[in-house]
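Order of the sequence lines fixes the chain letters, A, B, ..., with proteins taken first and strands second; residue numbering starts at 1 for each chain. Computation of the quantities below employed the complete heavy-atom set of this structure, encompassing side-chain atoms and omitting hydrogens, waters and symmetry-equivalent molecules.
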Amino acid sequence: MKKQMMMVLVIAALAAGMTVESPAWNDKGGEKDEALSLTPDLENGRDVYEVCAACHLTEGWGTQEGTFPQLAGQFRDVIIKQLADIRALNRDNPTMYPFALPQSIGGPQSLADVSAYIASLPMNPDNGKGLWDDGTPEFAHGQELYKANCVQCHGETAEGNEEKYYPRLQGQHYAYMLRQFEWIRDGKRRNANPDMIKQIKNFSDTDMQAVINYVSRIPVPKEDLAPSKDWRNPDFD
Amino acid sequence: MKRTPKTPFLALLILSLAWLAACSCNDREDRLAKIRGTHGESVLAATGADVIQESAGARLFREKTCNTCHGDDGIHPLLPDYPILARQGRDYALRQMKDIQSGNRASGYAPQMQAVIKDVTEDEFIILADFIANELGGGAPIGGQPDPESPGAKLFKTKTCTACHGKDGKTPILPDYPRIAGLPREYILRQMRDIKSGARANSMAVLGMQGVMHLVDDEQMTQLADYVSSLPK
């Protein structure tokens, strides 16, 4: 009897431990949904964005070497979710942590404003790309992997899916995506989507480089791009 | 006008001043300055051997020998690559003292300080942190005249430093982030190198800065140190 009790307790404890380890990928409600329901004020969004620009640049283009991701053109809800996750320490980002806190960004209205401002910025026509051009075997390998494993969520041209919080990958820097992909695969990015983790868990490092190389070379529709890579955001003159 | 109640107090003051004048302590000038001085909370009390009651923070700063390394005014430290403490942020100073005591921050010369502050209590740290932030150094100038055209000025803007430390180096994004304006050049350089190398890794906050330090090489760090040390605090 005693033994059975112990077993039950152990199993219960294990189960409790497991639920702690895997927080829901995308809980509904709360500040996130509130921010999305508010009407954004782009002017305030620009003011909030000023401090972000020190790292993500005034254009929101990030850096080719991948330390800072491009934010321009990303969906509002993805931006808000990432900020909420960083704030909750659900996605480790010690560099950006202070900027995701309410005392520096502000409440739901400011989240609404800054995310709308970012989403309105034209994208970088010169994102960081992988090594392998169209025509190389690595490019072809990556393309194959993408079609088989990623399209269902990130879309045919890596345009993402706003409704489902699937990020747009088009135009993102290679080095940044490679780091994220590896962290998602290896469980280091804790806010990752569990279905994506399952999908990519058998990817080797070579597969990973090939598929991200391909993604980094998918063209962004012209109308979403800035006229040239020398374009500077006039809001910050 | 009721003048009478003040008379005994006045007498006491004169007596104490006379006693001080006779005493040959070499910090007499300081003490006199304090009595005359601007510190509203400094009161006179001719008890025992001493005649002045400093603020609790000032007393601790001296009793715990902080002044031997950091300087009486917190502005002129013993060695040129020791930090200036005066007008450092309260929450930041508090966190650093505790991290140095626990050995969490053990880079550079922090172990020297650790050896001396073993017995300082949490309450005392709080008093010291308030003292450092609000009283130490009075209003004496720190830093100099920054050159906005210098390479360091440009790097300070383009290498993300302003995001966390503020455009002027003294308005950090969070209260427990440091005010770096006007710190000694050599100290700044040493901290940047230690944070970049990971030798100083006492908090999640410092890891945040480490995440951007690959953006600057040693020469650029020198230029940044020139500039940041010249910012007025």
Side-chain angles (χ1 to χ4, degrees), chain A residues 46-71 82-83 85-106 110 114 118 128 173 175-176 178-180 182-183 188-190 230 232-233 236-237, chain B residues 89-92 95 99 104-105 152-181 191-192 194-217 220-221 224 227-228 231:
Chain A
R46 180 241 168 250
D47 291 348
V48 175
Y49 185 70
E50 189 167 359
V51 72
C52 322
C55 293
H56 295 286
L57 306 190
T58 50
E59 292 71 36
W61 288 357
T63 48
Q64 277 195 349
E65 44 78 44
T67 304
F68 306 115
Q70 161 154 242
L71 301 178
Q82 296 309 316
L83 287 170
D85 286 346
I86 293 168
R87 182 187 289 187
L89 294 176
N90 203 359
R91 172 174 174 185
D92 292 317
N93 189 348
T95 301
M96 212 188 101
Y97 177 69
F99 306 95
L101 295 175
Q103 59 262 47
S104 38
I105 291 198
S110 295
V114 75
I118 291 169
H173 303 294
Y176 169 75
L178 196 66
R179 182 168 76 244
Q180 298 306 313
E182 186 175 8
W183 285 356
K188 199 173 164 227
R189 181 165 152 177
R190 282 172 280 115
D230 301 320
R232 287 295 162 262
N233 187 348
F236 288 92
D237 267 348
Chain B
R90 174 195 184 275
D91 293 2
Y92 171 74
R95 193 156 60 71
D99 275 356
N104 216 358
R105 175 172 167 186
K154 183 141 184 277
L155 291 167
F156 195 63
K157 279 198 217 116
T158 56
K159 300 297 180 182
T160 78
C161 319
T162 54
C164 292
H165 295 293
K167 285 181 187 156
D168 55 4
K170 58 179 180 184
T171 46
I173 182 89
L174 292 182
D176 71 339
Y177 281 23
R179 310 179 76 205
I180 59 175
Q191 296 311 309
M192 284 195 290
D194 282 351
I195 291 171
K196 183 175 183 176
S197 75
R200 177 173 168 187
N202 47 309
S203 59
M204 186 179 99
V206 83
L207 295 183
M209 172 158 157
Q210 195 192 20
V212 301
M213 287 309 283
H214 65 276
L215 303 174
V216 287
D217 61 25
Q220 292 170 320
M221 286 198 271
L224 278 163
Y227 177 69
V228 174
L231 289 170

> Minimum heavy-atom separation for B:Leu207 to A:Thr95, with atom names?
Replying inline: O-OG1, 4.2 Å
> Does the side chain of A:Val51 reach to within under 4.5 Å of the side chain of B:Thr162, using non-hydrogen atoms?
Replying inline: no
> Taking atom CD of A:Glu65 and atom CG of B:Leu215, what is their separation to the nearest 0.5 Å?
Replying inline: 6.0 Å
> Out of curiosity, B:Met204 CE to A:Leu89 CG, how far, rounded to the nearest 0.5 Å?
Replying inline: 5.0 Å
> Where does B:Lys159 contact chain A at under 4.5 Å (heavy atoms): side chain, backbone, both or neither?
Replying inline: neither
>> Quick check on A:Leu57 against chain B: is it the side chain, the backbone, both or neither that has a heavy atom closer than 4.5 Å?
In response: neither
>> To check you understand the geometry: which heavy-atom pair defines the closest contact between B:Thr160 and A:Ala54, and what is its length?
In response: CG2-O, 3.4 Å
> What pair of heavy atoms forms the shortest contact from A:Thr67 to B:Gly211, and how long is it?
Replying inline: CG2-O, 4.1 Å
> Side chains of B:Ile173 and A:Gln103: does their closest heavy-atom pair fall under 4.5 Å?
Replying inline: no
> Shortest non-hydrogen contact from B:Cys164 to A:Phe99?
Replying inline: SG-CZ, 3.6 Å
